[in-house]
Number of protein chains: 2
Amino acid sequence: MALREEILEVSKDILIQDGFSKMSMRRIARRANVTATSIYLYFKNKDDLLLALIEESINDLKNALQEVVDPGKDFIQQLEDMARAYIRFALDHPKEYEIIYMVRPEEMPKYPREKFNEVRSAYELLAGIISKGKEQNLIEVDDPLISAYTIWAQIHGVVSVMLNKRLDTRIPREKFTDQAVDHIIKGFIIQKTPA
Amino acid sequence: MALREEILEVSKDILIQDGFSKMSMRRIARRANVTATSIYLYFKNKDDLLLALIEESINDLKNALQEVVDPGKDFIQQLEDMARAYIRFALDHPKEYEIIYMVRPEEMPKYPREKFNEVRSAYELLAGIISKGKEQNLIEVDDPLISAYTIWAQIHGVVSVMLNKRLDTRIPREKFTDQAVDHIIKGFIIQKTPA
DNA sequence: AACAAAGGTTAACACTGTTAAGTAAACAGT
DNA sequence: ACTGTTTACTTAACAGTGTTAACCTTTGTT
């Protein structure tokens, strides 16, 4: 059973150091001092292995977010903290973040629905915060879950543009993230004092 | 020279119908009634071919956006039209949209910088609209280009969550996009009348 | 007629994911 | 102590991959 963990570790190393295209069964096996076929004793196929890696990464992200949650803080501050934690995680562990969104679902129809529930719990972390804001009438929200997804999606977009190096070189990263976070949050807040 | 176009067309067909993993040089060649090596007469390698496909898709997206631009319309309406046109394009041509963001830059360091300039022109389409809003003091903007990227990123995130089937099944797609567009735009607008 | 370029081809190399079949060691039951 | 079975792995093979070097034809030019 130790080999399973070894395979996961080696796979992740290769993925991070050498890139996705270099992550072949034989290469993984070689670095784990077994043959490629041994991997199939612990994973149904390559997709299944990839899935396990995705799961790990999702958990890491979830933990990074969980760490930053502080119910004592002001509501808007909480939203901002989470957004920034998310962005920081993605920029600090770009490969790990990429893994999460790497699966092209059309090519992986076997992707088990229930696996996504672990991501869901992260959404619900955010939805919880939003619900509180709603109670305090600080925020204009219909369904907190939808709002959580909306915020999530927007942040993911911001991050993904940066990770894919799609950002104009003339734009400083920090200014971009600052403005993005600012706008995303403002999109939800009820502004009581017009500028 | 006609073969080059034939290859592009066949490649796109395979990519859309059979998925990325099935898009092999030999399969493309077979369907174009040539041998795989012939492709190398027109494209340096597979990445180069993929790049050409990306370029095509970007242009299609750009055209879809261009169609919707109408300077006669109200500024906020223009923003919304563009956002909706973008989302519609992505949802109507998911594979084509995916192609645009398919490149994993780490694995494709040869990606020529200047190619991105064509995307840039699309950003500048958006930046132009934003500039007008700034002049009219309808919008709170520092640098229109940054804002254009921010909006773009947010919309991309929204779209990408849906395309990757990451959206909670309990959430109706339309409600999600409506709310997303609403919030993204509101994040930029100076609200004069608090609710 | 001779030469060169254009537009292809065949054969091969070193890889890929995956499967069927085999092996060798550890353990369990009688 | 002899079976039988399970566990953990290996070897060999299949069909496919991207890519290159070398080789043909056909076409056009001088």
Side-chain angles (χ1 to χ4, degrees), chain A residues 1-56 95 98-99 102-112, chain B residues 1-55 95 98-99 102-112 115:
Chain A
M1 278 294 165
L3 183 53
R4 204 194 117 99
E5 270 68 42
E6 171 82 1
I7 290 169
L8 278 173
E9 204 180 309
V10 164
S11 303
K12 195 171 168 182
D13 283 357
I14 292 176
L15 197 58
I16 289 175
Q17 288 169 24
D18 309 325
F20 179 67
S21 63
K22 299 283 176 192
M23 192 188 106
S24 78
M25 300 302 254
R26 284 176 171 85
R27 183 183 284 248
I28 293 167
R30 210 178 308 133
R31 211 178 286 189
N33 288 316
V34 288
T35 50
T37 43
S38 290
I39 300 176
Y40 290 84
L41 299 172
Y42 301 96
F43 302 94
K44 249 184 59 195
N45 48 37
K46 198 183 177 184
D47 279 353
D48 194 42
L49 168 57
L50 201 57
L51 224 66
L53 286 177
I54 292 175
E55 240 179 307
E56 279 197 345
K95 299 272 186 178
E98 257 187 280
I99 295 173
M102 180 172 292
V103 208
R104 250 161 256 300
E106 342 289 326
E107 312 201 358
M108 221 156 140
K110 327 129 194 178
Y111 199 108
Chain B
M1 275 294 165
L3 184 52
R4 205 193 116 98
E5 270 69 41
E6 171 81 2
I7 291 170
L8 279 173
E9 203 180 308
V10 165
S11 304
K12 195 170 167 183
D13 282 357
I14 292 176
L15 197 59
I16 288 176
Q17 289 170 24
D18 309 326
F20 178 68
S21 63
K22 299 284 177 190
M23 193 189 104
S24 79
M25 299 302 254
R26 284 177 170 84
R27 184 183 282 249
I28 294 167
R30 210 176 309 132
R31 211 176 289 186
N33 290 315
V34 287
T35 51
T37 43
S38 290
I39 300 176
Y40 290 84
L41 298 171
Y42 301 95
F43 301 94
K44 251 184 59 198
N45 49 37
K46 198 184 176 183
D47 278 354
D48 195 41
L49 168 56
L50 201 58
L51 225 65
L53 285 177
I54 293 174
E55 241 179 305
K95 299 273 185 179
E98 257 187 278
I99 296 173
M102 180 171 291
V103 209
R104 253 161 252 302
E106 344 288 326
E107 311 200 359
M108 221 157 142
K110 329 129 193 177
Y111 198 107
K115 295 273 173 182

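If you measure from atom CD1 of A:I28 to atom P of C:dC15, you get 16 Å, rounded to the nearest angstrom. Rounded to an integer number of Å, the gap from CZ of B:R27 to C1' of D:dG16 is 10 Å. The interatomic distance linking B:K22 (NZ) with C:dG17 (P) rounds to 14 Å, in whole Å. Atom CZ in A:R30 sits about 14 Å away from atom P in C:dA14, given to the nearest Å. For the pair B:M25 CE and C:dC13 P, the interatomic distance rounds to 21 Å; values are reported in whole Å. Distance A:Y42 OH to C:dT18 P: 18 Å, rounded to the nearest Å. Rounded to an integer number of Å, the gap from B:D48 CG to D:dG18 C1' is 14 Å. A straight line from CD of A:E6 to P of D:dC9 spans 11 Å, rounded to a whole angstrom.
Counting any heavy atom pair closer than 4.0 Å across all strands shown, B:T37 reaches a base atom. The residue B:T35 sits close to a base: some heavy atom pair falls under 4.0 Å.
Between B:D13 and B:D18 the shortest side-chain heavy-atom distance does not fall below 4.5 Å.
Here the CZ atom belonging to B:R26 is positioned 9.0 Å from the OG1 atom belonging to B:T37, to the nearest 0.5 angstrom.
Considering only side-chain atoms of A:K46, the nucleotide from D:dT19, D:dT10, C:dG17 that sits closest is C:dG17. Proximity note for B:Y40 (side chain, C-beta onward) versus C:dG17, D:dG18, C:dG8: the nearest is D:dG18. Distance from the side chain of A:V34 is smallest to D:dT10 among C:dA11, D:dG18, D:dT10.
Phosphate contact (OP1/OP2 of C:dG7, side-chain N/O of B:S38, threshold under 4.0 Å): absent.
Counting atom types as modelled, B:R26 pairs no side-chain N or O with a base atom of D:dG16 as donor and acceptor under 3.5 Å.
Using a distance-only test at 3.5 Å, with no hydrogens or angles considered, no donor-acceptor pair links the side chain of B:K22 to the main chain of B:R27.
If you find the closest nucleotide of DNA chain D to A:A36 and to B:A36, the one lying nearer the 5' end belongs to A:A36.
B:G19 and B:K95 get closest at one heavy-atom pair: CA-NZ, 4.3 Å. Among all heavy-atom pairs drawn from A:F43 and A:L49, the shortest one is CD2-CA, 3.7 Å.
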